[in-house]
Amino acid sequence: MASSVRVRIAPSPTGDPHVGTAYIALLNLIFARQRGGKFVLRIEDTDRTRFVASSEQMIFDALHWLGLDWDEGPDVGGPFGPYRQSERTALYSAAVERLLAGGHAYRCFCTTERLDEMRRLQIASKLPPRYDRHCRNLDVAQSASLHAAGTAHTVRLAVPVDGATTFRDELRGEITFDHNNVDDQVLLKSDGFPTYHLANVVDDHEMQISDVIRAEEWISSTPKHVLLYKAFGWEVPRFWHMPLLRNTDKSKISKRKNPVSLIYYRQAGFLPAALVNFLGLMGGGMPADVEKFTLPEMQAGFQFERISLGGPVFDLEKLKWLNGLYLRGLSPDTFLDTVRTVVLDDAYLRAIAPLIQERIETLAQFMNLADFFFMDEVVAPPEVYLPKKRTLPETLKLGGELLAVLEAADWEHAALEKTLRDLATAHTWSAKELFMLVRAIITGKSASPPLLESMLVLGKARSLDRVRRFLEREKARRE
RNA sequence: GGCGCCAUCGUCUAGUGGCCUAGGACGUCGCCCUCUCACGGCGAAGAUCGAGGGUUCGAAUCCCUCUGGCGCUACCA
């Protein structure tokens, strides 16, 4: 009786918690609750290079904020732990040994340089970039001696040369991939950590996951996963690929074009119930013409079979409308409490106060000086942000890069200052010019409390949002 | 380029062979309410159902082709 429903979400701790993670978490939660199953949270922290230490806790906090609680996970435990992949490496090593022994995988000693060159050539001659199986063709003795000599290597999946893999997507039906279109994927990296593909299959099996509900972007790698299940002799779970949330231009939702951090939505004053409701609207699923609903209502009425497969545009305007509905529906007391805990939160005020106190003459000036900390959108006129000898196009170009470097920056004083100064230098702008531009974008004014301190208090998510909005606004103005 | 997925108003969607001269919601516009704004109420504009072929008495709904969009194409997930 391996029929009980178990589902999971598997976020990677690589940055701010993502709105797409919340979307998939919501769907998994509903699925599990509807079927009396278990909802598991597993942290996929196998990429050392992108790992962000603070990220895991932020994911927990954000999902709890939304009320999307899990039954098993790193923080709550459970019978199938540990729930962090970095703590399960022994499992992956054993799995790799099994694959190697069974001839389903092989060691690859190719260097990054060789792989890059190989791909360059393939693309130049209009061939699909794919591993050329150089090491798969090594004879056993050669491979063994390289291994014995301690040569750095990866382990790759030995995809069958002929035939095809067919799997069923519960929403789309059967999908077939010809094996000559499936790459010999790296399963174990040279640092000893597994890639997503291996870890995911091993863990989903070990954790007895019955239904894999994940984003559509995974469809192309599903044949590799199916091949792995079969190589291990394991039962293949059911797959439900959900449509991808989109930007207004229909591309996969991205931080460049949309606020995607759940931290942003919380700080910008969206109610968790409204955001959950809105996510529930994405892709249909609820009965006709039901627009406003709670999590329990969604649990009662949501049908996975109804999901429409076209990728839904994440429309901030409609989210705001829905959020307004929720806000206006609050009792006056609850509303005030909410304002106090989000907008006028004590910790937030405590961080702002010293910046204002230095330059204040009467208490009534407090809001005049601090307004931008409490506003949703600030707009400075070009006279403020456009340096005298610079053109608008070059300012906007710099603005675009500003967004990228701030995104990558540690949200800490020294790092922020260095980031901005480096950006100025790179563009042969004076620090003064750049700081005024950023000040205008962040505060909407030419005079404000110290810029870096203000950005630290405002927070990364909202600061980035202001830069993004600035760019969008200016782009729209020029059209 | 290759492979895969998808395709109804600008956006989210209803619609699963006749009830569709395609319904609702956001947004937009107008009117009402009103000291203003917002809320709320009412209304309008907005989709030859991506295109072209079939199947059928009948197609947004089924089939084929094309086109378009998106995703994947990493020792990232």
Side-chain angles (χ1 to χ4, degrees), chain A residues 9-15 18 20-21 43-51 85 108-112 115-116 119 122-131 152-156 164 167 169 171-200 214-224 241-253 277-292 305-325 327-329:
Chain A
I9 50 162
S12 282
T14 53
H18 199 275
T21 302
I43 294 291
E44 307 225 329
D45 54 349
T46 56
D47 186 350
R48 296 175 326 168
T49 59
R50 295 201 307 158
F51 180 76
Q85 291 188 327
C108 173
F109 302 91
C110 291
T111 60
T112 310
L115 294 174
D116 288 345
R119 262 189 288 272
Q122 286 169 332
I123 290 167
S125 48
K126 296 197 189 298
L127 289 166
R130 214 132 42 206
Y131 182 56
H153 66 276
T154 61
V155 174
R156 285 178 185 272
F167 61 91
D169 176 283
L171 261 19
R172 288 160 252 259
E174 292 199 334
I175 300 176
T176 299
F177 284 82
D178 205 296
H179 285 159
N180 54 35
N181 288 318
V182 182
D183 204 3
D184 278 6
Q185 186 63 232
V186 169
L187 300 176
L188 195 70
K189 304 178 230 180
S190 55
D191 65 2
F193 275 83
T195 57
Y196 169 87
H197 308 281
L198 206 227
N200 192 264
R214 69 213 323 184
E216 188 177 32
E217 56 189 332
W218 293 107
I219 290 178
S220 345
S221 36
T222 305
K224 294 167 188 168
H241 293 278
M242 298 298 146
L244 235 28
L245 262 23
R246 312 287 182 98
N247 297 312
T248 313
D249 65 3
K250 298 279 191 183
S251 56
K252 173 165 94 167
I253 195 166
N277 187 160
F278 182 69
L279 289 174
L281 243 23
M282 301 281 88
M286 284 298 277
D289 301 340
V290 185
E291 291 245 286
K292 187 166 183 257
E305 296 70 24
R306 292 177 59 94
I307 288 177
S308 56
L309 269 10
V313 170
F314 189 90
D315 183 4
L316 231 19
E317 288 305 314
K318 189 154 183 175
L319 206 210
K320 278 197 269 185
W321 162 76
L322 194 57
N323 197 58
L325 232 46
L327 246 16
R328 281 177 247 118

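Letters A, B, ... are given to chains in the order of the sequence lines, protein chains preceding strands, and every chain is numbered from 1.
When the C1' atom of B:U13 is taken as reference, atom CZ of A:Phe314 falls 16 Å away, rounded to whole Å. Atom C1' of nucleotide B:G4 and atom CZ of A:Arg130 are separated by 12 Å, given to the nearest angstrom. When rounded to the nearest whole Å, the span between CZ of A:Arg246 and C1' of B:A7 equals 10 Å. Rounding to whole angstrom units, CD of residue A:Glu44 and C1' of B:C75 are separated by 16 Å. Atom CG of A:Asp184 is separated from atom P of B:C75 by 11 Å (rounded to the nearest Å).
When both pairing distances are held under 3.5 Å, B:C20 makes no Watson-Crick or G-U pair with any nucleotide shown.
Closest to the A:Glu317 side chain, of the nucleotides B:A74, B:C72, B:G27, is B:G27.
Nucleotides B:G30 and B:C39 are separated by 14 Å at their P atoms, to the nearest Å.
Residue-level contact check: A:Phe177 touches the backbone only, with heavy atoms under 4.0 Å from sugar-phosphate atoms and none from bases. Heavy atoms of A:Thr49 sit nowhere under 4.0 angstrom from any nucleic acid atom.
Distances shown here put every side-chain N or O of A:Arg119 at or beyond 4.0 Å from the OP1 or OP2 atom of B:G1.
Note: A:Trp218 and A:His197 have perpendicular aromatic rings, judged against thresholds of 30 and 60 degrees for the angle between ring planes. Note: A:His153 and A:Phe109 have tilted aromatic rings, judged against thresholds of 30 and 60 degrees for the angle between ring planes.
With hydrogens and angles ignored, a donor-acceptor pair under 3.5 angstrom links the side chain of A:Ser190 to the base of B:C75.
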